[in-house]
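Below: one structure, written as C-alpha cells.
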Amino acid sequence: MTQRPNAFSQWPDARGRFGEYGGRFVAETLMPNVLRLEAAYEAAKTDPAFLKDFDDFARDFIGRPSPLYFAERLTEAFGGARIWFKRDELNHTGAHKINNCLGQVLLARRMGASRIIAETGAGQHGVATATVAARFGLPCVVYMGATDIERQKPNVFRMKLLGAEVIPVTSGTGTLKDAMNEALRDWVTNVKDTFYVIGTVAGPHPYPAMVRDFQSVIGREARAQMLEREGRLPDAAVACIGGGSNAMGLFHPFLEDESVRLIGVEAAGEGVDTGRHAASLNGGRPGILHGNRTYLLQDDDGQIIDAHSISAGLDYPGIGPEHAFLHDSGRAEYVSATDAEALEMFQLCSKLEGIIPALEPAHALARVRDLAAELGPDGLILMNMCGRGDKDVFAVAEHLGERL
Ligand SMILES: *Cc1c(COP(=O)(O)O)cnc(C)c1O
C-alpha cells in the first residue's frame with residue numbers, strides 16, 4: 001500500500017498520483033530520464049542554495065515580487081466584492097510562464113545539462129524558455145507545430161533573436177500536442193545532455209508537481225499581500241486555465257484555507273455545447289496524454305480533439321492532473337468563459353483600469369464579474385492577472401473588425 005496524503009496540499013503521492021490522476025505513463029526508454037529528474041528535483045527543492053538562486057533571479061531578472069493591486073474602477077463597475085489583481089503580467093516577458101522556466105533551467109544547470117528543449121503552442125512558453133536559456137548561455141531547441149508557426153510569427157522571431165532554434169512539427173494537426181510529442185521523442189534520444197522544460201502542470205511525474213511548486217511563488221506572495229492589505233484572506237481566488245499552471249500556482253498556497261473558494265476558468269470558445277472550445281473539465285473526460293492521466297478533449301474513439309479558443313494560450317486539449325483531482329474532490333470549482341466574453345472584458349479592463357490584459361486572464365475576469373455580484377460589497381476576490389495583452393492587440397483588432 002502506498003500512503004495516501006490526507007491534506008490537499010500534500011499530493012501527489014509517492015507514485016506521482018493525484019488520486020486517480022497524474023502518474024507516469026511513459027515509454028520504458030524514458031523512465032531513466034524521468035527518475036533522474038525526480039531525484040534531482042527532490043534534492044534541489046529543499047536545498048537553500050537552489051532556493052536562494054531562484055529567489056535572487058526571480059527578483060533581479062523577472063522583477064518579483066509582483067504587486068497586488070486594488071482594481072477600484074472594476075470593483076465600482078461590477079458593483080459588488082472588492083477585486084484585487086495579482087500582477088504577474090508585469091514579469092519580464094509579460095506573463096507568469098517565466099517563473100517556471102527559471103526554476104527548470106536552474107535545475108538543468110544543477111544536473112549538468114548542456115542543452116535545453118521545450119515545446120510551445122502560441123510561442124509564449126518558447127519565448128520564456130529561450131529567454132532564460134539565453135541568460136545562462138544554454139543552447140535551446142523549441143518544437144512548434146507548423147500551423148502555429150504560421151499563426152505566431154512575432155514569437156518565432158523573438159525566439160530566434162534570443163538564440164533559440166525553432167523546429168517545425170508537421171505531424172498531426174501541427175499544433176501544441178504534436179509539438180509536445182516531438183519534444184518527448186527528442187528527450188528519449190538525447191538522454192544524457194538534454195533537459196526538457198515543460199510549460200504547464202502536465203507531463204509525467206514529477207512535472208505537474210514541480211511546475212506547480214515553481215509557480216506557487218504567485219500564491220505565496222499574493223496570500224501574504226492580501227493579509228497585509230486587507231487583514232484577511234480573500235473569499236475567492238480566481239485564475240484562467242490553459243494547462244493550469246498559473247491557476248495551480250495561485251491555488252496551492254490556499255489549499256488548506258477552507259474559507260477560500262478556488263475557481264478556475266476554462267476557455268469555452270464559441271460555447272461548450274458547440275464542440276469548439278478548450279474546456280477539458282467542463283467538456284472532456286479522463287484519458288491519458290503526455291505521460292499522465294487527466295481530463296482530455298477527445299472524440300468517441302478516444303482521439304484527441306484540437307482545442308479552440310480566441311486565446312492561443314488556452315487551447316491545450318488537456319488540463320493538469322491536480323486540477324482533475326481538485327475538480328472531482330470538490331475543493332476547487334471549474335467554470336468557463338466564451339471568446340465573446342473575453343473580448344468584452346479585454347476592452348473593459350483596458351478602459352477602466354489602464355491595464356490591457358492578455359486574452360487569457362480576460363476569461364477569468366468574466367467570471368469575476370458574476371462572483372463580485374454574488375459575494376456582494378463585503379466580499380474579497382483575488383484574481384491572477386497572469387499576462388499582459390500586448391501580444392493580443394492584432395488578434396483583438398481583427399475580431400473587432402479594425403484594420404491596423
Ligand atoms: C500560457 C498562458 C496561459 C495558460 O497556461 P496555464 O498553464 O494554464 O497558466 C494563461 N495565461 C497566459 C498569459 C499565458 O501566457
Side-chain angles (χ1 to χ4, degrees), residues 85 88-89 91 93-97 119-128 144-145 147-155 173 175-177 179 199-202 238-248 250 263-272 274-284 297 305-320 323 334-350 355-369 383-400:
F85 288 162
D88 255 51
E89 101 280 8
N91 294 340
T93 66
H96 63 288
K97 287 200 172 71
E119 85 293 333
T120 198
Q124 297 300 114
H125 174 60
V127 169
M144 188 167 184
T147 313
D148 286 334
I149 288 182
E150 253 333 283
R151 291 193 289 211
Q152 308 288 345
K153 286 184 181 140
N155 275 340
T173 48
T175 55
L176 177 58
K177 66 173 170 25
T200 191
V201 283
V238 186
C240 66
I241 300 213
S245 70
N246 89 87
M248 222 37 253
L250 181 71
I263 302 176
V265 183
E266 298 190 304
E270 294 170 10
V272 175
T274 66
R276 303 231 335 128
H277 61 82
S280 312
L281 281 173
N282 284 292
L297 300 181
I305 305 172
D306 263 325
H308 166 81
S309 166
I310 188 173
S311 150
L314 297 184
D315 62 6
Y316 177 62
I319 182 166
H323 286 294
Y334 294 88
V335 292
S336 65
T338 62
D339 289 352
E341 288 179 305
L343 265 177
E344 184 193 346
M345 291 300 125
F346 183 93
Q347 297 170 82
L348 188 70
C349 184
S350 301
I355 296 171
I356 301 179
L359 278 168
E360 292 88 350
H363 286 76
L365 206 45
R367 295 293 73 82
V368 164
R369 174 178 51 186
M383 190 196 102
N384 193 27
M385 181 56 74
C386 57
R388 64 177 90 127
D390 308 35
K391 68 180 176 59
D392 295 320
V393 293
F394 290 98
V396 169
E398 199 179 311
H399 280 283
L400 298 178

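- Remark: Ile319 CD1 to Leu297 CG distance equals 10.0 Å, nearest 0.5 Å.
- Under a cut-off of 6.0 angstrom, the local environment of CD in Gln347 is crowded, with over 12 non-hydrogen atoms contributed by other residues, nucleotides or ligands.
- A distance of 10.5 Å separates OG of Ser336 from CG of Leu281, quoted to the nearest 0.5 Å.
- Among all heavy-atom pairs drawn from Cys349 and Met385, the shortest one is SG-CE, 4.1 Å.
- The side-chain heavy atoms of Lys97 and Val127, taken from C-beta on, include no pair separated by under 4.5 Å.
- Residue His277 holds its NE2 atom at 10.5 Å from CD of Glu270, rounded to the nearest 0.5 Å.
- Although no hydrogens or angles enter the test, the distance criterion places a donor-acceptor pair under 3.5 Å between the side chain of His323 and the main chain of Gly244.
- A 4.5 Å side-chain heavy-atom check between Thr147 and Thr173 finds every atom pair outside the cut-off.
- In this structure, Asp392 contributes its side chain and Leu359 its backbone to a donor-acceptor pair below 3.5 Å.
- Formation of a donor-acceptor pair under 3.5 Å by the Asn246 side chain with backbone atoms of Cys240 is found in this model.
- For the atom pair Glu89 CD and Asp390 CG, the distance stands at 9.5 Å (nearest 0.5 Å).
- Residues Asp315 and Leu176 have side chains not in contact (no heavy-atom distance under 4.5 Å, counting atoms from C-beta outward).
- The main-chain N or O of Ala202 is never found under 3.5 Å from a side-chain atom of Thr200 such that the two would form a donor-acceptor pair.
- Side-chain contact between Arg367 and Glu341 is present, with heavy atoms from C-beta onward closer than 4.5 Å.
- Within 6.0 Å of CD1 on Ile305 lie more than 12 heavy atoms contributed by other residues, nucleotides or ligands.
- Leu343 and His399 make their closest contact through CD1-CB, 3.8 Å (heavy atoms, listed as atom of the first residue, atom of the second, distance).
- Scanning both residues, Gly313 and Ala122, for their nearest heavy atoms gives N-CB, 4.2 Å.
- Lys391 places none of its side-chain heavy atoms less than 4.5 Å from the side chain of Asn155.
- Under the 3.5 Å distance criterion, the side-chain polar atoms of Asp339 are matched with a main-chain donor or acceptor of Ile310.
- Nearest heavy atoms, Tyr316 versus Gly243: CD2-CA, 3.9 Å.
- Put simply, the side chain of Asp306 does not reach to within 4.5 Å of the side chain of Pro317, judged on heavy atoms.
- Thr175 places a side-chain heavy atom less than 4.5 Å from the side chain of Arg151.
- Looking only at side-chain heavy atoms (C-beta outward), Met345 and Pro357 stay at 4.5 Å or farther from each other.
- Between the side chain of Glu266 and the main chain of Ser280, a donor-acceptor pair closer than 3.5 Å is present.
- Scanning all heavy atoms of the two residues, the minimum distance from Ala364 to Met383 falls at CB-SD, 3.9 Å.
- Rounding to the nearest 0.5 Å gives a distance of 11.5 Å between NE2 of His363 and CG of Leu365.
- Here the closest non-hydrogen pair linking Met144 and Gly121 is CE-O, 3.4 Å.
- Going from atom CZ of Arg369 over to atom CG of Leu348 covers 8.0 Å, rounded to the nearest 0.5 Å.
- Listed for the Glu360 side chain is no donor-acceptor partner under 3.5 Å among the backbone atoms of Ala267.
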